[in-house]
*Asks:* 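Starting off with a structure, shown below.
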Amino acid sequence: MLPQKQAEEAMVSSFNLTERDDREEEKADESGLGLKSFLWHGGSVYDAWFSCASNQVAQVLLTLPYSFSQMGMLSGIILQVFYGLLGSWTAYLISILYVEYRSRKEKENASFKNHVIQWFEVLDGLLGPYWKAVGLAFNCTFLLFGSVIQLIACASNIYYIDDHLDKRTWTYIFGACCATTVFIPSFHNYRIWSFLGLGMTTYTAWYLTIGAVVNGQAEGVTHSGPTKLVLYFTGATNILYTFGGHAVTVEIMHAMWKPQKFKYIYLLATLYVFTLTLPSAIAMYWAYGDQLLTHANAFALLPRNGWRDAAVILMLIHQFITFGFACTPLYFVWEKVIGMHDTKSIFLRALVRLPVVIPIWFLAIIFPFFGPINSAVGALLVSFTVYIIPSLAHMFTFRSASARQNAAEKLPFFLPSWTAIYVVNTFIVVWVLVVGFGFGGWASMNNFINQVDTFGLFAKCYQCPPRATPAKNH
């Protein structure tokens with residue numbers, strides 16, 4: 001007990017010093033501008049909660065009814081709760097590993113004053129270069145496609161307000177708009193955006209719920225799901241993707257004044273997210289049933305009115321924010337590669353970040369498959385980045401008795417046994433590897449290839465209703 005207590009005291013002491021440094025630097029930068037501090041500088045527990053909740057549910061809110069149509073109501077509800085809790089557990093593991101890494105480095109007098117710690121650096125510091133390489137590859141690829149998905153969603157949503165331009169043209173336009181996220185230095189500066197973003201998704205979720213109930217069930221509605229294994233596992237991997245926002249967990253923690261308080265924030269964020277995702281998906285599937293199988297975006301089935309237009313606009317703004325969330329860690333990696341991460345000039349950093357946006361823009365134009373791309377990313381990338389790698393990393397980091405004895409953080413009160421923790425982690429690795437990556441990968445790639453065969457690469461207007469017939473009659 002004594003070595004663990006000493007380790008905890010050393011960790012708290014070093015974290016408090018870092019917190020004071022951060023606050024003093026802020027005060028010097030702000031020069032008494034209280035409004036700037038309120039809007040721009042966020043490092044509290046509440047800021048972290050808003051960031052996690054806002055980032056966790058974005059455009060996927062619009063595709064969950066599609067997943068319910070693929071797998072049925074009961075499976076959809078059960079898997080949302082199951083993967084939400086699994087995701088909260090692995091986010092907890094990531095927070096433990098971050099605190100362990102940072103406490104070890106700060107005992108060596110390492111300074112992170114102008115350096116943002118990232119997940120691959122935690123893996124490198126705790127487990128070595130091979131883990132770093134694997135973590136970096138999966139994390140960066142996931143964040144790349146996560147940004148692509150937000151861009152695709154922007155084009156898909158705006159089309160329901162203004163269909164004079166096709167979705168591909170809208171992708172060009174929103175790619176340019178989202179490129180402005182290069183000016184946001186770090187997650188520390190997302191305070192007002194996280195707050196607004198969560199308000200926007202809350203409005204949209206309850207609009208979907210109330211709109212579906214008020215409009216009632218569509219005429220002749222059927223609820224036949226699940227009908228095919230490929231559809232079932234495609235829907236399941238989209239839900240797995242929903243609760244996989246952990247790729248930015250370390251960066252959100254690092255933006256906190258007291259990162260050791262992060263442990264249960266993701267779980268609390270997930271519990272709130274359930275109040276958005278479950279009612280909206282249930283109501284939409286009840287109202288429209290199998291029609292959702294050919295309408296991956298829930299907006300497509302609701303009648304156009306001011307309420308829907310407001311939801312579309314709010315989701316567009318939120319997707320801009322989420323694009324920034326997904327892209328900012330990529331900006332950090334690129335800055336470190338070219339040796340510009342310590343640069344304090346916002347404009348210089350923005351300039352060097354721009355090359356990161358270009359491949360995202362290009363991929364969104366090649367694969368505009370709103371809905372199916374979520375499942376493919378979930379199965380092939382989220383399964384490892386969010387579930388398997390954190391669970392394995394935790395087991396390997398604390399595999400020795402001395403590492404467990406000197407751990408910077410105590411065992412959780414609800415699972416005070418290392419054996420139980422290893423059992424839970426092993427279950428997650430096996431389940432996600434077999435069900436998420438195995439069956440989910442097979443199903444989602446089959447579905448994805450089918451979209452390519454049906455619509456082709458560089459599809460001009462994915463799942464747009466035909467408009468040619470009226471023009472010909474005229």
Side-chain angles (χ1 to χ4, degrees), residues 1 4-5 7-16 18-19 22 42-56 81 83-106 112 116-119 121-123 125-126 187-188 194 198 243-274 385-387 389-398 403-425 427-428:
M1 284 298 294
Q4 180 170 333
K5 186 173 180 61
E8 288 169 10
E9 289 173 353
M11 178 198 71
V12 171
S13 174
S14 63
F15 274 71
N16 285 341
T18 305
E19 177 197 351
D22 289 345
S44 69
V45 169
Y46 302 103
D47 290 308
W49 183 85
F50 275 111
S51 292
C52 287
S54 177
N55 182 53
Q56 191 173 135
V81 175
Y83 280 123
L85 295 176
L86 238 62
S88 299
W89 171 253
T90 53
Y92 171 81
L93 297 181
I94 291 171
S95 73
I96 295 299
L97 293 170
Y98 170 88
V99 170
E100 183 70 27
Y101 167 76
R102 186 160 174 175
S103 62
R104 289 184 189 181
K105 297 299 286 185
E106 290 188 348
F112 300 105
V116 177
I117 297 173
Q118 294 189 266
W119 176 231
E121 293 169 317
V122 172
L123 291 174
L126 296 176
F187 287 98
H188 199 61
S194 297
L198 190 57
F243 298 98
H246 308 21
V248 297
T249 297
V250 169
E251 288 84 357
I252 292 172
M253 282 188 72
H254 190 81
M256 293 177 69
W257 293 314
K258 293 184 177 180
Q260 67 271 32
K261 289 189 174 183
F262 183 87
K263 287 184 291 186
Y264 303 116
I265 287 175
Y266 200 91
L267 173 61
L268 295 174
T270 299
L271 293 177
Y272 179 78
V273 166
F274 282 152
T385 304
V386 170
Y387 299 95
I389 292 175
S391 299
L392 287 174
H394 189 271
M395 289 194 286
F396 277 88
T397 297
F398 299 107
R404 294 193 293 273
Q405 187 178 12
N406 296 314
E409 283 283 339
K410 294 179 181 178
L411 293 174
F413 70 91
F414 55 86
L415 207 64
S417 161
W418 280 105
T419 302
I421 285 175
Y422 270 72
V423 168
V424 171
N425 288 348
F427 168 77
I428 291 172

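Just so it is clear, the structure is predicted and the values come from calculations on it, not from any experiment. We're numbering straight along the sequence, starting at 1.
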*Asks:* Are the side chain of N55 and the backbone of C52 linked by a donor-acceptor contact shorter than 3.5 Å?
*Replies:* no
*Asks:* Of the non-hydrogen atoms in V386 and T90, which two are nearest, and what is the gap between them?
*Replies:* O-OG1, 3.1 Å
*Asks:* With side chains defined as the heavy atoms from C-beta onward, is the minimum distance between F398 and L126 less than 4.5 Å?
*Replies:* no
*Asks:* With ring centroids as reference points, do W49 and Y266 lie under 6.0 angstrom apart?
*Replies:* no
*Asks:* Taking all atoms of both residues into account, what is the closest heavy-atom pair of V99 and A408, and its distance?
*Replies:* CG1-CB, 4.2 Å
*Asks:* Got a second to check how far Y264's OH is from S88's OG, nearest 0.5 Å?
*Replies:* 12.0 Å
*Asks:* Under the side-chain hydrogen bond (donor to acceptor under 3.5 Å, both in side chains) rule, what do S194 and S51 come out as? Steps first, then yes or no, please.
*Replies:* CA-CA 5 Å; S194 297; S51 292; 3.1 Å; yes
*Asks:* Taking the six-membered ring for Trp, are Y98 and H254 parallel (under 30°), tilted (30 to 60°) or perpendicular (over 60°)?
*Replies:* perpendicular
*Asks:* Give every residue pair that meets the salt bridge (charged side-chain N to carboxylate O under 4.0 Å, His left out) criterion with at least one member in residues 87-98, sequence neighbours excluded.
*Replies:* none
*Asks:* With sequence neighbours excluded, what pairs up with Y101 under the ring pair (Phe, Tyr, Trp, His ring centres under 6.0 Å) test?
*Replies:* none
*Asks:* Can you tell me how far NZ of K258 sits from OG of S44, rounded to the nearest 0.5 angstrom?
*Replies:* 11.5 Å
*Asks:* Under the salt bridge (Lys or Arg N to Asp or Glu O under 4.0 Å) test, which residues partner K261, sequence neighbours left out?
*Replies:* none
*Asks:* Please list, chain by chain and in numerical order, all residues satisfying side-chain hydrogen bond (donor to acceptor under 3.5 Å, both in side chains) with T249, sequence neighbours excluded.
*Replies:* none
*Asks:* Which pair of non-hydrogen atoms, one from L411 and one from S417, has the smallest distance, and what is that distance?
*Replies:* CD1-N, 3.8 Å
*Asks:* So do M253 and I117 actually touch side chain to side chain, heavy atoms under 4.5 Å?
*Replies:* no
*Asks:* Could you state the interatomic distance from CG (L85) to CZ (F243), rounded to the nearest 0.5 Å?
*Replies:* 9.0 Å
*Asks:* Minimum heavy-atom separation for K263 and Y92, please, with both atom names.
*Replies:* O-CD1, 3.6 Å
*Asks:* If you count every heavy atom of other residues, nucleotides or ligands that lies below 6.0 Å from F396 atom CZ, does the total exceed 12?
*Replies:* no
*Asks:* Which residues pass the ring pair (Phe, Tyr, Trp, His ring centres under 6.0 Å) test with Y46, sequence neighbours left out?
*Replies:* none
*Asks:* Could you pull out all residues at least two apart from T397 that satisfy side-chain hydrogen bond (donor to acceptor under 3.5 Å, both in side chains)?
*Replies:* none
*Asks:* Under the side-chain contact (heavy atoms from CB on, under 4.5 Å) test, which residues partner A48, sequence neighbours left out?
*Replies:* I252, M256, F262, I265
*Asks:* Roughly how far apart are I389 CD1 and L93 CG, rounded to 0.5 Å?
*Replies:* 13.0 Å
*Asks:* Can you name the residues that form a ring pair (Phe, Tyr, Trp, His ring centres under 6.0 Å) with F50, not counting sequence neighbours?
*Replies:* F195
*Asks:* What closest approach, in Å, do G84 and T270 show between heavy atoms, and which atom pair accounts for it?
*Replies:* O-CG2, 3.7 Å
*Asks:* How long is the gap from CD on E100 to NZ on K105, to the nearest 0.5 Å?
*Replies:* 13.0 Å
*Asks:* If the condition is side-chain contact (heavy atoms from CB on, under 4.5 Å), which residues does L415 pass it with, not counting sequence neighbours?
*Replies:* W89, P412, A420, I421, V424
*Asks:* Any chance you could lay out the side-chain hydrogen bond (donor to acceptor under 3.5 Å, both in side chains) test for E251 and Q118, step after step, and finish with the verdict?
*Replies:* CA-CA 6 Å; E251 288 84 357; Q118 294 189 266; 2.9 Å; yes
*Asks:* Once ring pair (Phe, Tyr, Trp, His ring centres under 6.0 Å) is applied, do any residues pair with Y422, and if so which ones, sequence neighbours excluded?
*Replies:* none
*Asks:* Applying side-chain hydrogen bond (donor to acceptor under 3.5 Å, both in side chains), can you list everything that pairs with S391, at least two apart in sequence or on another chain?
*Replies:* none
*Asks:* Please list, chain by chain and in numerical order, all residues satisfying side-chain hydrogen bond (donor to acceptor under 3.5 Å, both in side chains) with Y387, sequence neighbours excluded.
*Replies:* none
*Asks:* Does V250 reach the side chain of L97, with side-chain heavy atoms less than 4.5 Å apart?
*Replies:* no
